[in-house]
Every structure is written in C-alpha cells, then in structure tokens.
**Q** 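One structure follows; several queries about it will come next.
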There are 2 protein chains.
Amino acid sequence: MSLPHAILTALLEKPSSGLELTRRFDRSIGYFWPSTHQQIYRELGKLEKAGHIRVLPAAQPARGQRKEYEVLPAGREELMAWVSLAEDPRPVRDPLLLRMRAAAVVGSAGLAGELRRHLALHRAQLAEYLEIEERDFPPERTSDEDRLRRLVLRGGIDLETFWTGWLTRAIDDLDGPGS
Amino acid sequence: MSLPHAILTALLEKPSSGLELTRRFDRSIGYFWPSTHQQIYRELGKLEKAGHIRVLPAAQPARGQRKEYEVLPAGREELMAWVSLAEDPRPVRDPLLLRMRAAAVVGSAGLAGELRRHLALHRAQLAEYLEIEERDFPPERTSDEDRLRRLVLRGGIDLETFWTGWLTRAIDDLDGPGS
DNA sequence: CGTCATTGTGCAACTTGTTGCATAAGGGCT
DNA sequence: AGCCCTTATGCAACAAGTTGCACAATGACG
C-alpha cells in the first residue's frame, strides 16, 4: 500500500499531472519507490475514485489532454495516518545474496564478474546521492522538513555504502584465498 | 525469477518435500528470499513440469501424502547458468524511507515511535545473525562452500548493521534538536 | 469406534508490479 | 494538406507474491 502514499506525498509538494509525477519520481521519491507511468495513472484513478485527490478545474479532460491533480483533505489525513502506522519492515529479498548461496552449491563460476558489476553500479548510485547531498543540503539549514528529507537521503547513502563495502570485501575474499 | 532457483538450491543441498522445504526456508534461504508453502508448492509443480526436478520414487503420490523431490541434471545446469547471469540489483523499495519523506510534508507525528520499533526489530535480527555466525562459522574453516555461505551471512549482518546505525542516528536527530 | 489435532498438499482469488501497446492532441516540416 | 515527433493518458495481459481456505492421511485420545 505504498505507491498511493508516495503519490499523495508528491502531489502535496506540488500538484501535477500524471506524466509530471512520473518524471519527478525518477529523480526523488523514485529512488526508494520506483514506479512507471502506467502504474501511476492507474493509481491516480483509484485515488480519485476514493476521494483522496481531484482533478484541478481549468483544463478540460480529454484523452491526451493533461490533467492536473491536487490532494483533498481526506487524502492528507490518509497520509498522516499512514506515517504513524505500525508497519513492519519488508522482508529482505535479494537475488544476489541468493545467487551467492547457490554458488556455494553449484560452484562460483562467473559470480565474481557479477559482483564487480554490481559494485560499479552501487558506487555510481552512491556518487549520485552524494552529489545531491552537496547540492541540496548544504550544512546548517535545518528546518524540520529539510532535516527529514536529509535523513532519507542519508538512508540512501548509508545503504549504498553498505553495498559497496560488502561487495568489496566479498570480491577480495573470493579472489584472494582462491587464486 | 528467483524463487525457483532458491528452491533448486535448497533441493540440491538436500532432497525434500514441500513442507520440509518451507521449514528450511524459514531458517536459512528465507532470510533473504522468504516464501510461503503455497508459493513453494506452486513452484515445485512448475519445476517438475519443466523437467528440472522430479519426485523421488518409493513414496507413491496421493493427496496429503508427502512427495520428496530431487534435482535433475537440467535443473542443476539451469542454476549454474543463473549464478553467472547479468542481473541488475532490484530497485530499492522501502516504505519506511517513504514514510519519512511523507512526514516532511504532513508532519512527523507518530514517526519516532515507528523508528524505535523498527530499530528493535533490526537489532533482534542482527542478534540472530550473529548467533548463527558464531554457531555455524567458527573461525578458520574455509572450504569454498563455507566461505560463500559465510559471505552471504555477512551480507545479512552488514545490512542489519546499516539499519540499526541509520535508525539510531535518525532517532537522535529527530529527538535532539526538536525537543 | 468416532473425532480431533497435526502434518501435508494444493486451489482460487486478490494485490502489486511489469511489459507492451493503443490512442489522442499539438507542433514542426515539406 | 500529409507526415512525423513529442507529450500525454491509459488499457490489457502477464508475473509474482499474499491470503484464505479446502481436502486428505495419520495418529492420539476418550
């Protein structure tokens, strides 16, 4: 049940059309809840039917005609409730760890290459996050909203740091004693 | 496409019935690819039809009668291919980060409690992993298989360490300057 | 003997996310 | 006018995971 809330959050920050939302997802909320335009349109429809958002007047709706949505009070309340909800962390589900486990059974041929490839990807993501931090969060601007947004970004940074660290050690461990 | 491979891995370690698999998942592979018995039965059916596994003879199959499966050569080859496959990391999808982001917009009431609750859960998971490490991986037993399995476990440990660290800092940051 | 809990297998419906494609308006180019 | 590219909305089919329940065999208990 996260996508509708992600959309509500984005719409509260700024009323938008479906495609605009999709684009903003790509460079902010999408970092930890990616979504395609198809899914977003589908969800916008549901949210509208539920009375959580509505189409801004001014633009008449026709197919291929942009529709701007804004959040209604009911939507905001729904979102507030969701923030304080008790919801357990999702179970980890990681194919790379699984493949490493499989490699313990059928041999690790080809695995090291994958580890290096993933390491490069995670390093790139980490660099991207660090750039955003530098650009959008210069030291000492601490409104409540900024503190929270910065914490979220820190989460991303720390997560990628974990991956790069673990992958580096894993590659060393596989290469080292083996060859 | 990970669940079938998880099952192949588990069956290679030891031929099992559906329920046995489910139980072993709960305490090993399931740590990073959880699955229910329903899903496992469904997937066993598909794997059998694909010729990757087969029912061990000896026990005749009837509803409510246990069926032991074992991996066929084709299944092993499938698994080996999968290990070296190029497969990108799954996109991160984390509701807690999303909720924190939402809190930046609608206020962080109730969020701190959730952070503390998650911290406790991650600490518990970390403790469980550390216990397994101590029990199953005493220092200096380095067959290739053990090295790989230990790396996987290390992944889990490092991941939970990331969470506990980040959550601790986040709670401090929210509590501290705010009150 | 009946029935009741446990073990084991499995179907069906639903939700969420993915992939591929269809449709429509508008602007620029020839 | 005719064509094509971009912007924009959206449907449909599929894949994967979740939830709830049904059915069958078996052994324990009264």
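Below, read A as the first sequence line, B as the second, and so on, with proteins coming before strands; counting in each chain starts at 1.
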**Q** Salt bridge or not for B:D26 and B:R23, using N-O below 4.0 Å?
**A**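 No, this pair does not count.
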**Q** D:dC11 C1' sits how many Å from A:I40 CD1, rounded?
**A**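 Rounded to the whole Å, the gap is 16 Å.
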**Q** Strictly below 4.0 Å: does A:K67 bring a side-chain N or O up to OP1 or OP2 of D:dG10?
**A**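 Yes, within the criterion.
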**Q** Atom CD of B:E20 to atom P of C:dG8: distance rounded to whole Å?
**A**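 Result: 8 Å.
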**Q** For the side chain of B:R93, starting at C-beta, report the closest nucleotide among C:dG17, C:dC21, C:dT9.
**A**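 Taking heavy atoms from C-beta onward, the closest nucleotide is C:dG17.
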**Q** Can you say whether a donor on the side chain of A:R42 sits under 3.5 Å from an acceptor on the base of C:dG17, or the other way round?
**A**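 Such a pair exists between side chain and base.
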**Q** Give B:R23 one of three labels, base, sugar-phosphate or nothing, depending on what nucleic acid heavy atoms sit under 4.0 Å from its own.
**A**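 The answer is sugar-phosphate, as B:R23 gets under 4.0 Å only of primed atoms, P, OP1 or OP2.
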**Q** Relative to the 5' end of DNA chain D, which residue comes earlier, B:T36 or B:K46, by the nucleotide with the nearest heavy atom?
**A**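 Closer to the 5' end of DNA chain D: B:K46.
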**Q** Is any side-chain N or O of B:Q38 under 3.5 Å from a base N or O of D:dG17, one able to act as donor and the other as acceptor?
**A**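 Not at all, since no donor on one side and acceptor on the other fall under 3.5 Å apart.
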**Q** Closer than 4.0 Å, any side-chain N/O of A:R66 to the OP1 or OP2 of C:dA25?
**A**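 The answer is no; no side-chain N or O of A:R66 sits under 4.0 Å from OP1 or OP2.
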**Q** Under 4.0 Å, heavy atoms only, any strand: does B:S17 hit a base, just the sugar-phosphate, or nothing?
**A**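 Since only primed, P, OP1 and OP2 atoms lie under 4.0 Å of B:S17, the category is sugar-phosphate.
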**Q** Nearest whole angstrom, please: distance from the C1' of C:dT16 to the NE2 of A:H5.
**A**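 Atom-to-atom, A:H5 to C:dT16, this comes out as 14 Å.
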**Q** Please check this pair: side chain of A:R99 against backbone of B:S2, looking for a donor-acceptor N/O pair closer than 3.5 Å.
**A**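 No, the answer is negative, given that no donor and acceptor are paired below the 3.5 Å cut-off.
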**Q** In whole Å, what is the span from the CD atom of B:E87 to the C1' atom of C:dT18?
**A**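 Result: 14 Å.
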**Q** Figure out the NE2/C1' separation between A:H37 and C:dT16, and round it to whole Å.
**A**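 Whole-Å distance recorded here is 17 Å.
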**Q** Write down the distance between CG (B:L19) and P (D:dT26), rounded to a whole number of angstrom.
**A**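 That distance rounds to 16 Å.
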**Q** What's the CD1-P distance between A:I7 and D:dT9, to the nearest Å?
**A**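 In whole Å, D:dT9 P and A:I7 CD1 are 13 Å from each other.
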**Q** Of the options D:dG17, D:dG10, C:dG10, whose atoms approach the side-chain atoms of B:Y69 most closely?
**A**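 It is C:dG10.
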**Q** Is there a side-chain contact between B:Q39 and the phosphate of D:dT18, meaning an N or O under 4.0 Å from OP1 or OP2?
**A**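 Yes, such a contact exists.
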**Q** Taking the side chain of A:Y41 as heavy atoms from C-beta outward, which of D:dT9, D:dC21, C:dT7 is closest to it?
**A**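 In terms of side-chain proximity for A:Y41, the closest of D:dT9, D:dC21, C:dT7 is D:dT9.
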**Q** Output yes when B:E20 and B:K14 qualify as a salt bridge under the 4.0 Å nitrogen-oxygen rule, no when they do not.
**A**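 Here B:E20 pairs with B:K14 in a salt bridge, since their nearest N and O are under 4.0 Å apart.
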**Q** Please tell me whether A:Y31 and A:Q125 have a donor and an acceptor in their side chains that are separated by less than 3.5 angstrom.
**A**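 Per modelled atom types, A:Y31 and A:Q125 side chains form no pair under 3.5 Å.
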**Q** Nearest-Å distance, CE (B:M1) to P (D:dA15)?
**A**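 These atoms are roughly 10 Å apart.
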**Q** Judged by atom type as modelled, is there a donor-acceptor pair below 3.5 Å linking the side chain of A:R101 to the main-chain atoms of B:R149?
**A**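 Checking the backbone N and O of B:R149 against the side chain of A:R101, no donor-acceptor pair under 3.5 Å is found.
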